[in-house]
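What follows is a set of notes on a single structure, which appears directly below.
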Amino acid sequence: MKRLFPLFCMVALLLTACNEKLAEANYDVIPAPKEVMLGEDDAFVLTPNVTVYYEAGNTDLQRNAEFLSSYVKDLLGFSLQVQEQNQDVDNGIVLSTSPDAFDETEAYQIDITNRQIVVLGSDAAGVFYGIQTLRKSLPIGETGKVALPCVTIKDYPRFHYRGMHLDPSRHFFTLDSVKQYVDMMAMHNMNRFHFHITDDQGWRVEIKKYPELCEVGAFRDNTVIGHNSNLYDTIRHGGFYTQDELRDLVQYAADRYITIIPEIDLPGHMQAALATYPDLGCTGGPYKVWNRWGVSDDVLCPGNEDAMVFLEDVLNEVMDIFPSDIIHMGGDECPKVRWKDCPKCQAKIKELGIKADERFTAEDYLQSYVMDRMEKVIEARGRRVIGWDEILEGKVADNAIVMSWRGIEGGIEAAQKGHDVIMVPTSYLYFDYYQSEDIANEPLGIGGYVPVERVYSFNPVPEELNAEEQQHIIGVQANIWTEYIATFNHVMYMALPRAAALAEVQWCNQEQRNYDAFLNRMNHMAQLYDLYHYNYAKHIFHPELLLDTIAPTLATHKPITLRQDPPSEQYAAQGASTLNNGILGKGAYNSDRWLGFRGYPIDAVIDLENATEISHVNFNANVNKGSWIYNPKSATVMVSDDGENFRNVAHDEYPISTWEDKDGIFHYSLDFDPVSARYVEVVIESFDLPADHEAYGEPAWLFVDEIEVK
Ligand code: ACM
Ligand code: ZN
């Protein structure tokens, strides 16, 4: 090697003489590698003359080499030759594997000298991730040569299950779009694609034994507008994937080291199947492919053997298509109301000798019977089952993997019982939640608030677990449900850049994580998104958009009490002080900025601490009619000098919001003649739900924030 130095020094000198400043690669990529050790030597110069060599006869590495060449073409405008390696390489990129050189799978080491780039993997997947790191290191749009500083990078993932989920059932996305989603996942070093292909609103997988599923179940006549308003569009919506298309997709993903985990959500979320085969339900229907959102009470009838055989047949065909070692059988959100009234279900409960106990109902155990039967079908094919955390409600097989979505508690319980767990808690990893609080300027989301920083802060391994239990947390995933996401462009907006934060949660060790450093790394990642025309949310690049404090008013941070009942426990935020903490309620009602009340007025008393002249009271209400949240009915302002005797100074009444009115955040302002007072009482009354609402006559929710007094 030493012998070669003079030659390369000459090259370097020549380059300097031509005054050529090469654009440089930068190894600050997402997800951040475990170790990056920059060397002192000259950089490797990447030019169109560089060849990528792969281990002779290794078709996986050949494909990887072709990926690398195509990435270089995307980034720099020229592709690289790809060739089997038959001799020592000079001025080339060498891809090879050596399982014995690594303790981990999916691991890689990159060594860059001025002569060559070696990407050594524990396996072909490891080499692929090394290539992703190289790809993300390269500058974009340089058409000439690029310098890759001399370096050794050692890397492997924290979790071997690194997932993203997509729901093409609520809204259908084309095969090409789904492939683009797979590409996006590959760029983030993810390896498990959870594909939710059946639900109440659409059946998306061709099943040869039941061809009507894709004739009837794959299409709905119309769709509710917004958050379950009572208004409907007039557009027939649907689509499905043929088995050939799905096999093509499986291969496309496998080429990128991504396993597709199909989900047949059972025995609930089955209304599209029931619309096709009404006899499989408890009541016999008629049913329609659902055109609303939520959880349908109409589920499969376990008392009907045909329904069980249907599920078994479907799972068998699905396993023919998807070679995944894990098969998802859903199990979430299965109401039991039909089963309670169904003679067939009750007879089945009797026949099986099922008894309720102090923890679960007989119908809960009837669901366990369904899950158990389907698990046997899956295991008979040498696969493993995974289900949503509801499968813990009743009996669950020891080796079932639990997907903890309603928080991390299900995951903790499962790990303590010895189940493997994938963490997907809504409050960190549901990418159908809003990522900005300014929802008036966001495309529609389901609600909630999961900004990039929140995703980044997630530690998937709860401290409550002991070392052995912690081993059961085998992976992390984010979910994109698409009730409110009708276009693939919108899917990508919800996915990115949160997927980048997730990628570091999945790949990097906890102590390696640093949000500010991540934000720096995001700048280059965003350029990659631009290059590939990936739509992404830009809030993190505009922190001023996150500004959320009000100019303090007379009420800000003053003692405040709620005279009547406290807010609902579920929507209590930081208690009464949420109303005057100077932080403005923005975004979704179920973020911690809003207090939610139901069935009684808000009655807040603020102590201004001194007699003060006032003439305005303002507050905001968050309206979301599909979630039973309406605007206030009236607001009253009273004042007092002693905190006991109050006098009325202002009162306003408001018309009830109709389905034609927009949901969102509304500002209310009460002005009155200036008065001097120490105590201000604000009473805000709520409506009952109107006649055109599904829950007519029930009390509406009222969500209020920041009371300002001026
Ligand atoms: C789920 O979000 N229903 C699993
Ligand atoms: Zn039944």
Side-chain angles (χ1 to χ4, degrees), residues 163-167 169-170 194-201 261 263-271 273-274 277-285 287 290 293-308 310-311 328-352 354 361-367 369-371 386-393 401-411 414 421-433 445-448 450 477-485 494:
M164 287 274 292
H165 149 290
L166 182 65
D167 160 23
S169 298
R170 273 52 178 269
H194 173 171
F195 202 30
H196 179 90
I197 43 181
T198 63
D199 215 304
D200 296 316
Q201 295 85 358
I261 300 173
E263 179 186 358
I264 301 300
D265 200 349
L266 61 92
H269 289 277
M270 273 283 167
Q271 197 171 310
L274 295 183
Y277 303 111
D279 290 349
L280 303 184
C282 291
T283 65
Y287 309 99
W290 217 18
W293 314 126
V295 177
S296 172
D297 283 340
D298 287 308
V299 302
L300 283 181
C301 173
N304 179 349
E305 182 59 18
D306 287 349
M308 298 298 97
F310 168 80
L311 288 179
H328 205 306
M329 57 176 189
D332 61 322
E333 298 178 323
C334 180
K336 310 295 191 295
V337 286
R338 298 286 182 263
W339 297 358
K340 283 197 166 76
D341 291 340
C342 171
K344 286 173 288 190
C345 285
Q346 292 306 315
K348 195 78 199 175
I349 285 172
K350 238 189 189 150
E351 177 198 322
L352 296 169
I354 291 175
T361 65
E363 287 76 19
D364 288 331
Y365 287 116
L366 187 62
Q367 176 165 346
Y369 152 76
V370 179
M371 303 321 274
I386 183 166
W388 300 107
D389 56 42
E390 284 95 331
I391 64 172
L392 293 166
E393 293 164 9
I401 304 171
V402 173
M403 198 166 251
S404 184
W405 71 280
R406 295 175 296 180
I408 59 169
E409 294 73 21
V421 170
I422 309 298
M423 285 294 192
V424 299
T426 53
S427 57
Y428 291 91
L429 297 173
Y430 265 40
F431 289 180
D432 53 339
Y433 283 27
I446 196 168
V450 176
Q477 170 177 298
N479 293 346
I480 301 192
W481 302 100
T482 65
E483 288 93 331
Y484 306 100
I485 304 177
M494 301 310 263

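Each ligand, and each atom within it, is numbered from 1 in the order the structure gives.
In plain terms, the two heavy atoms of Gln271 and Asp200 that are nearest each other are N-OD1, 2.9 Å.
With the Zn ion (ligand 2) as the vertex, atom SG of Cys345 and atom SG of Cys342 span an angle of 110° (nearest 10 degrees). Of the angles at the Zn ion (ligand 2), the one spanning SG of Cys301 and SG of Cys282 is 110° when given to 10°.
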Verdict with supporting geometry, Glu263 and His196, side-chain hydrogen bond (donor to acceptor under 3.5 Å, both in side chains): CA-CA 5 Å; Glu263 179 186 358; His196 179 90; 2.6 Å; yes
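Remark: side-chain polar atoms of Asp167 are paired, donor with acceptor, to backbone N or O of Thr482 under 3.5 angstrom. Although no hydrogens or angles enter the test, the distance criterion places no donor-acceptor pair under 3.5 Å between the side chain of Asp199 and the main chain of Arg170.
With no hydrogens or angles considered, no side-chain donor-acceptor pair links Gln201 and Ser169 at under 3.5 Å. A donor and an acceptor atom, one from each side chain of Lys340 and Gln346, are nowhere located under 3.5 Å apart.
For ligand 1, the polar-atom distance check finds no N/O of Trp388 at less than 3.5 Å from any of the ligand's N/O atoms. At under 3.5 Å, not a single nitrogen or oxygen of Trp405, backbone or side chain, sits near a nitrogen or oxygen of ligand 1. The shortest N or O to N or O distance between Tyr430 and ligand 1 is under 3.5 Å.
At the shortest separation from atom 3 (N) of ligand 1 among protein heavy atoms lies Asp332 OD2, 2.7 Å.
Annotation for ligand 1: atoms under 4.0 Å from non-hydrogen atoms of Glu333 are 3 (N). Atoms of ligand 1 lying under 4.0 Å from at least one heavy atom of Trp481, given by number and element, are 1 (C), 2 (O), 4 (C).
At a heavy-atom cutoff of 4.0 Å, ligand 1 is contacted by no atom of Met403, backbone or side chain.
Exactly one of Leu280, Asp279, Leu274 qualifies for a side chain to side chain contact (heavy atoms under 4.5 Å, CB included) with Tyr277. That residue is Leu280.
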